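First the structure, in the form of C-alpha cells, and then the observations on it.
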Amino acid sequence: MLLSVKDLEVSYPLRGSLFGKKRFLKAVRGVSFELDKSEILGLVGESGCGKSTIGRALVRLEKPSAGSIMLNGVDLAQAEGRLLAEHRKDFQMVFQDPYGSLNPRLTIFSALDEVLKLHCKGDLRSRRARAAELLVRVGLDADYLDRYPHQFSGGQRQRIGIARALAANPLFIVADEPVSALDVSVQASVVNLLDDIRKETGCSFIFIAHDLAVVEHISDRIIVMYLGKIVESAPAHELVGNPRHPYTEALLSAVPEVKNSGREKIVLSGDVPSPLEPPSGCPFHPRCRRCLDICRTTEPQWQCADSHGFACFNPVG
C-alpha cells in the first residue's frame with residue numbers, strides 16, 4: 001500500500017451575517033480509500049460530487065478539515081512548513097485545463113526547470129538534458145524546449161503538463177479530468193500515455209473523470225462518489241460488470257455503446273441536491289428508483305465482500 005486516506009473531510013466556510021451562525025459547505029464527507037503502488041485508481045461521479053476536491057486535498061492544494069492522508073508514515077493532511085515542502089516531490093498533479101496550467105510567458109524548458117531546480121540536483125546542462133528526456137518520454141520532440149505554450153495544440157500542452165508532473169519522480173500523480181478538454185481523437189493517446197508511464201516507472205495515479213467509459217479503460221479499481229461520499233468501490237471489471245449501487249447502475253447506463261447490449265437506459269430524476277442541505281438518510285434517495293422507506297431516514301452502512309464495497313439498503317442484483 002502506498003497511500004491511505006481515512007475519514008477525509010473538506011469544508012469551506014460560507015459568508016453570512018455578522019452575528020449569524022457560521023455555516024460550512026462540506027464538499028467531501030468522511031472519505032476513506034487506499035492506493036497501491038503502481039496502481040491506477042479511478043474516481044468518478046457527476047460534477048459537484050467532490051472528486052476534484054479530493055484530488056486537490058491529496059496534493060495539499062486544499063487544506064483538509066479532518067481525516068488523515070498517510071504516505072510513507074507521514075500524514076500529509078497535517079503536514080506544514082518544511083515537512084510538507086520535503087514531501088511535495090512525492091506527489092504531483094496534472095490539471096484539467098492544458099491552456100491555463102502553463103505560464104504563457106515561460107518557455108517549455110523554463111516551465112520544466114521550475115520543478116527540476118526545486119526537487120532535483122544538477123547544473124543547468126544536466127537539467128536541460130533531463131527536460132529533453134521528459135519531452136521525449138511524453139511523445140514530444142526535444143527540440144521543442146525553447147518554444148512557448150501558444151505554439152502547441154491542446155493535446156501537446158497536456159503532454160507537457162504530464163512531463164512537468166514527472167519531473168520530480170513522484171510516487172503518485174493526481175490526474176484531474178486530464179482529457180475532458182481535449183478532442184476525442186487525442187483523448188485515447190493521452191490515456192494510453194498515462195498507462196505506459198505507470199508500467200514503466202511504477203508511479204501510481206488517481207484518475208479523476210466523469211466519463212465512466214474512459215475510467216474503465218485505464219483503471220485497476222474504480223471509486224464512485226455522490227454528494228461528497230463514496231457509494232461504491234470495486235475492481236474496474238467487477239464494478240462495470242456487476243454494479244451494486246443504483247447510482248453506479250445509472251452512470252453505466254449512460255455510457256454510449258457501439259453495439260446494443262440490452263442494458264436498460266436509466267434517466268435520473270431531478271438534480272444533485274445541494275451539499276449545503278444534504279437529504280436525510282441516504283444522500284441518493286430523492287433520485288433513486290429503488291428507494292425504500294428506511295433510505296429516507298437512515299444512512300446506509302458500508303458493506304464489503306471480495307473487494308467490492310457499497311453503501312445501499314436495496315442494492316442492484
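These numbers were taken from a predicted model, which means no experiment stands behind them.
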ask   = Going by heavy atoms in the side chains, are V10 and I54 under 4.5 Å from each other?
value = no
ask   = Under 3.5 Å, is there a donor-acceptor pair between the S126 and D123 side chains?
value = yes
query = Under 4.5 Å between side-chain heavy atoms, hopping through other hydrophobics if needed: is there a path connecting F205 to V115?
reply = no
message = Does D141, at its CG atom, have more than 12 non-hydrogen atoms belonging to other residues, nucleotides or ligands within less than 6.0 Å?
response = yes
inquiry  = How close do P243 and G241 get, counting heavy atoms only, and between which atoms?
reply    = CD-C, 3.7 Å
inquiry  = Applying side chain to side chain contact (heavy atoms under 4.5 Å, CB included), can you list everything that pairs with R29, at least two apart in sequence or on another chain?
reply    = K26, L227, K229, P278, P283
ask   = Taking the six-membered ring for Trp, are H245 and Y247 parallel (under 30°), tilted (30 to 60°) or perpendicular (over 60°)?
value = perpendicular
note = Hits for side chain to side chain contact (heavy atoms under 4.5 Å, CB included) against A250, two or more places apart or cross-chain, chain-then-number order -> I266, L268
ask   = Counting N and O atoms only, with roles assigned by atom type, does the side chain of H285 sit under 3.5 Å from a partner on the main chain of I294, one being a donor and the other an acceptor?
value = no
query = Does R296 use its side chain to pair, donor to acceptor, with the backbone of G281 at less than 3.5 Å?
reply = no
message = Looking at R56 and E62, would you say the former's side chain and the latter's main chain have a donor-acceptor pair under 3.5 Å?
response = no
query = CG of L76 to OG of S4: how many Å apart, nearest 0.5 Å?
reply = 11.0 Å
message = Please check: side-chain N/O of K51 versus main-chain N/O of E46, any donor-acceptor pairing under 3.5 Å?
response = yes
key: Over all atoms of both residues, closest heavy-atom pair of S38 and S204   = N-OG, 2.8 Å
query = Does D7 use its side chain to pair, donor to acceptor, with the backbone of G30 at less than 3.5 Å?
reply = no
request  = Answer with yes or no whether the side chains of N169 and H119 bring together a donor and an acceptor at under 3.5 Å.
outcome  = no
message = For residues V94 and L118: do they belong to one hydrophobic cluster (side chain heavy atoms under 4.5 Å, members Ile, Leu, Val, Met, Phe, Trp, Tyr)?
response = no
key: Atom pair CD1/CZ of I218 and R198 - distance to nearest 0.5 Å   = 7.5 Å
query = Are I108 and L193 connected in a single hydrophobic cluster, I mean Ile/Leu/Val/Met/Phe/Trp/Tyr linked by side-chain heavy atoms less than 4.5 Å apart?
reply = yes
Closest approach of A175 to L194 (non-hydrogen atoms, all atoms of both residues) = CB-CD1, 4.5 Å
inquiry  = Between Q187 and V179 (side chain of the first, backbone of the second, donor and acceptor by atom type, cut-off under 3.5 Å), is there such a pair?
reply    = yes
ask   = More than 12 foreign heavy atoms under 6.0 Å from NZ of K63: is that the case here?
value = yes
task = State, to 0.1 Å, how close V272 and Y226 come at their nearest heavy-atom pair, and which atoms those are.
result = CA-OH, 4.0 Å
request  = May I ask you to decide whether R60 forms a salt bridge with E80, counting only side-chain N to carboxylate O separations under 4.0 Å?
outcome  = yes
query = Which of parallel (below 30°), tilted (30 to 60°) and perpendicular (above 60°) describes F152 and Y144?
reply = perpendicular
inquiry  = Do H150 and P104 make a side-chain contact, defined as non-hydrogen atoms from C-beta onward lying under 4.5 Å apart?
reply    = no
task = Might you confirm whether atom CG of D146 has over 12 heavy atoms from other residues, nucleotides or ligands at distances under 6.0 Å?
result = yes
key: S52 side chain near I208 side chain, heavy-atom distance below 4.5 Å   = yes
4.5 Å side-chain heavy-atom contact, L106 and E114 = yes
ask   = Where the side chain of Q303 meets the backbone of C312, is there a donor-acceptor pair that is under 3.5 Å apart?
value = yes
ask   = Can you name the closest pair of heavy atoms from L182 and P178 and give their distance?
value = CD1-O, 3.8 Å
query = Is any side-chain heavy atom of R159 less than 4.5 Å from a side-chain heavy atom of S189?
reply = yes
message = Taking the side chain as everything from C-beta on, heavy atoms only, tell me whether F310 gets closer than 4.5 Å to P315.
response = yes
task = Say whether V255 and V191 are linked into one hydrophobic cluster, either directly or through other cluster members, by side-chain heavy-atom distances under 4.5 angstrom.
result = yes
query = Given L239, which of E216, E232, R221 fulfils the side chain to side chain contact (heavy atoms under 4.5 Å, CB included) condition?
reply = E232
task = Using the side chain to side chain contact (heavy atoms under 4.5 Å, CB included) rule, take L14 and L276 through it: C-alpha gap first, then chi angles, then the decisive distance, then the call.
result = CA-CA 10 Å; L14 299 175; L276 284 174; 2.9 Å; yes
ask   = Is a side-chain N or O of D220 found less than 3.5 angstrom from the main chain of I40, in a donor-acceptor match?
value = yes
ask   = Does Y148 belong to the same Ile/Leu/Val/Met/Phe/Trp/Tyr cluster as L112, with side-chain heavy atoms less than 4.5 Å apart forming each link?
value = no
Expected output: side-chain S68 to main-chain M70 donor-acceptor under 3.5 Å = no
task = Look only at the side chain of D97 and the backbone of Y99, and say whether a donor-acceptor pair between them is shorter than 3.5 Å.
result = yes
request  = Go through the structure and list residues passing side chain to side chain contact (heavy atoms under 4.5 Å, CB included) with S153, not counting sequence neighbours.
outcome  = Q156
message = Between M225 and T53, is the side chain to side chain contact (heavy atoms under 4.5 Å, CB included) condition met? List the steps.
response = CA-CA 12 Å; M225 291 194 62; T53 304; over 6 Å; no
key: D293 CG: over 12 foreign heavy atoms closer than 6.0 Å   = no
message = What I'd like to find out is whether the side chain of N72 reaches to under 4.5 Å of the side chain of L171, using heavy atoms alone.
response = yes
inquiry  = Let's go through H210 and S180 carefully: what are the C-alpha distance in whole Å and the side-chain angles of both, what is the deciding distance for side chain to side chain contact (heavy atoms under 4.5 Å, CB included) to 0.1 Å, and is it a yes or a no?
reply    = CA-CA 9 Å; H210 61 271; S180 63; 4.3 Å; yes
inquiry  = I'd like to know whether I173 forms a side chain to side chain contact (heavy atoms under 4.5 Å, CB included) with L166, so could you lay out the CA-CA distance, the side-chain angles of the two residues, the decisive distance to 0.1 Å, and finally the verdict.
reply    = CA-CA 8 Å; I173 294 174; L166 289 172; 3.9 Å; yes
query = Only one of L134, L102, V138 forms a side chain to side chain contact (heavy atoms under 4.5 Å, CB included) with R164, so which one is it?
reply = L102
ask   = Side chains of L252 and T248: does their closest heavy-atom pair fall under 4.5 Å?
value = yes
request  = Compare every heavy atom of A168 with every heavy atom of Q92, then report the nearest pair and how far apart it is.
outcome  = NE2-CB, 4.2 Å
request  = Is it possible for you to check whether R128 lies under 6.0 Å from the centre of the six-membered ring of F109, through NZ or CZ, and within 45° of that ring's axis?
outcome  = yes
ask   = Near R23 CZ, under 6.0 Å, is it more than 12 heavy atoms from other residues, nucleotides or ligands?
value = no
